[in-house]
Structures are given as C-alpha cells and as structure tokens.
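Notes to accompany the following structure.
Here is how names work: the chains are called A, B, and so on, in the same order as the sequence lines, proteins then strands, and each is numbered from 1. Values reported hereafter were calculated over all heavy atoms of this structure, with side chains retained and with hydrogens, waters and symmetry mates removed.
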2 protein chains.
Amino acid sequence: MSESATVTVSGRRVKHPETARLRLETVLGALADPVRLSIVCALADGHEDMACVAFELPVSKSTSTHHFRVLREAGIIRQYYVGTARKSGLRVDDLEERFPGLLASVLNAERGRREEHPDDPA
Amino acid sequence: MSESATVTVSGRRVKHPETARLRLETVLGALADPVRLSIVCALADGHEDMACVAFELPVSKSTSTHHFRVLREAGIIRQYYVGTARKSGLRVDDLEERFPGLLASVLNAERGRREEHPDDPA
DNA sequence: ATCGTAGTACGACTATTGTCAAACTATGAG
DNA sequence: CTCATAGTTTGACAATAGTCGTACTACGAT
C-alpha cells in the first residue's frame, strides 16, 4: 500500500472549462443547491482532494455523480482519478482570478449559517 | 406635478423577508438568472429606485413581475408603490450585513463580463 | 366617469433540474 | 481470473422554473 503505487491517472480524462470561460450565472446556479454547497464547503474546510464517496452525501450514488459534474462543468472544482477513486479539489485560484471575492464571501456566509444551525443538514 | 403630490403609498403593501432570515441558497438562486442579474446590475449602477417598466427587459410584463418577485422574496430588492409605479431598490446594507462581500463580488464580476462583451444582451 | 398606464394574478405550456434504480465500466486486491 | 469498490451512464420520474397571454386591479389624468 505504498502511496505512489496506487496512483494510476489513466485513460479516463475529465473535461474542465477554461478559467477565462467560466460564466457567473453558471457558477451561481451551481452554488445554489444545498448538496453542492455542502460539497464546496467540505472541500474548502481542509478536506481538499477528497474522494466522492468520503462526503457521505444524503443522496444516491448517481445523484452524487450528477452534482459533482455540475460543479466541475461550472468550473468550481477540478477532478482527477486516483485508481477507481475520483478526487476533487476546489479551483480556488481560478475562481479568485475570474470572480474575485466571490467564493470567499459564499464560504463565509455558509459557514456563518452552519454556526447558527449546526444540526441543520442542508 | 409637485413631487409629493404623486406619492400615494396606499393599501398595496408588499412583504419583504427579514434580513436575519435571508437564505444563501435562495439569494444565489435568484442571482443565477440573466434577466434578474441585469435588473440587479441596473439598480446598482445608479438607477436606484427605478420603476419596473423602466428596465426594458426582453421579456413580457408578467414574466417581469415574476422576476421582480423572485428578487424581492429572496431579499435582494425592496419594493414600494408610488402611484401605479412600483419602484425597486437594492437592499445593499441588509445584504452586506447578512452576506458580507457577496453582492459586491457578484456585481464586480458581472460588470467585468459586460466590459468583455458589451453587445451581449444576457 | 372614463380612459390610459403600471403592474398583478391565473392558467397553460415547455424546459430544466434533482432524484432514483439498474446496468455498466474501470481499477485494485486476492 | 475473479471479486469488490468507486464511479458513470441511461432512462424514468416528479417538481420546479421561465415564459407567455389574457383578464384583472389600482392609480392618475382628463
């Protein structure tokens, strides 16, 4: 189980939109969903490069795939394969370049909400 | 036509959500539409307290009403009647209090986009 | 009182979205 | 090779959202 032995990065390549082509409405729309917002929050909260399965989302596998795809196609996350796992990371720098301050304010607001209602799952 | 003579502010009162109850997802969802984004932008661009009709939106009257309602119920704008006209203003302070930096970054991003594509109506 | 203007309400229609289950693919482990 | 794991794809479904036209209400002007 040596770390590098499990890395494959094979065929399965994933399309990501270029930073310059990210659209504001698409990004806002992608963030306007509780499940996706919780994913983004988890990634920002030090859980960078988590496998999809590790999020324990309250939805089925296929729905989860769907949400990750929406986030990826909006340009919010970047995904790559490591073995069978698909890891995701926030495109913080790209987002900051294209929409300065946006991600930070969204994360800040969402964290505030979570302090108010720590039990609320959504 | 003395200014104050046309002000009525009569029956027709409008419901606005309290600042403390504004929900992030709702706000993001409301902003994730080209028509509504253009309304918000126009209001921010010094056209505060415009009547709905003055926006010249590329949609029908009833659709326009719909979009203004979405913005109002999300807590992004405040509306009040002046005669038959319904004027709208951005709730900048409320939004800043609840979601610091959010509106500013969205407006900034949208303005940037408009400089890139000045002809693009959406 | 009548008319025009500004906006709302309602119903209909279409497109999009969030959801799931089932079948499938790719990879690593044994 | 075979099996389990992680994720994708497809098709279906219900709910939501954006759109419109028509009918309606409220107000100001004449």
Here the distance between atom C1' of D/dT19 and atom CG of B/L57, to the nearest Å, is 13 Å
Against the side chain of B/T65, the closest entry in C/dA21, C/dG7, D/dT22 is C/dG7
Quick note, B/Y81 side chain, CB onward, closest among D/dT5, D/dT9, C/dG7 is C/dG7
**Prompt:** Can a side chain N or O of A/T63 be found less than 4.0 Å away from OP1 or OP2 on C/dC20?
**Reply:** yes
Exercise. Quick one: is A/S60 getting a side-chain N or O under 4.0 Å of the C/dC20 phosphate, OP1 or OP2?
Worked result: yes
Ranking B/P58 and B/K61 by the position along DNA chain D of their nearest nucleotide, the one closer to 5' is B/P58
Whole-Å distance, B/E73 CD to D/dA17 C1', equals 13 Å
Residues B/P17 and B/R91: closest non-hydrogen pair is O-NH1, 2.9 Å
* Asked: Given D/dC20, is OP1 or OP2 found less than 4.0 Å from the side-chain N or O atoms of B/H66?
  -> no
note: A/L71, atom CG; C/dG18, atom C1'; distance rounded to Å ~ 14 Å
Closest to the side chain of A/V35, out of D/dG7, C/dT19, C/dA6, is C/dT19
Which of C/dG7, D/dT22, C/dG18 is nearest the side chain of A/R36? It is C/dG18
When rounded to whole Å, the CD to P distance for the pair A/E25 and D/dA17 reads 17 Å
Winner on side-chain proximity to B/T84, out of C/dT5, D/dT22, D/dT5, is C/dT5
Here the distance between atom C1' of D/dA6 and atom NZ of A/K87, to the nearest Å, is 12 Å
Here the distance between atom P of C/dG18 and atom CG of A/L37, to the nearest Å, is 13 Å
Please lay out, stage by stage, how A/T26 and A/V70 fare under the test side-chain contact (heavy atoms from CB on, under 4.5 Å).
-> CA-CA 9 Å; A/T26 311; A/V70 172; over 6 Å; no
Which of C/dG7, D/dT10, C/dA9 is nearest the side chain of B/A85? It is C/dG7
Residue pair B/T65, B/S62: steps toward the side chain to side chain donor-acceptor pair (under 3.5 Å) verdict = CA-CA 5 Å; B/T65 295; B/S62 36; over 6 Å; no
With the side chain defined as heavy atoms from C-beta on, A/H67 is closest, among C/dT19, D/dG18, C/dA26, to C/dT19
side-chain hydrogen bond (donor to acceptor under 3.5 Å, both in side chains) test vs B/R72 passes for just one of B/H67, B/Q79, B/H16, namely B/Q79
Atom CG of B/D33 and atom C1' of D/dT19 are separated, to the nearest Å, by 11 Å
note: B/F68, atom CZ; D/dA17, atom C1'; distance rounded to Å ~ 18 Å
Could you check whether A/E116 pairs with A/R113 (Lys NZ or Arg NE/NH1/NH2 to Asp/Glu carboxylate O, under 4.0 Å)? no
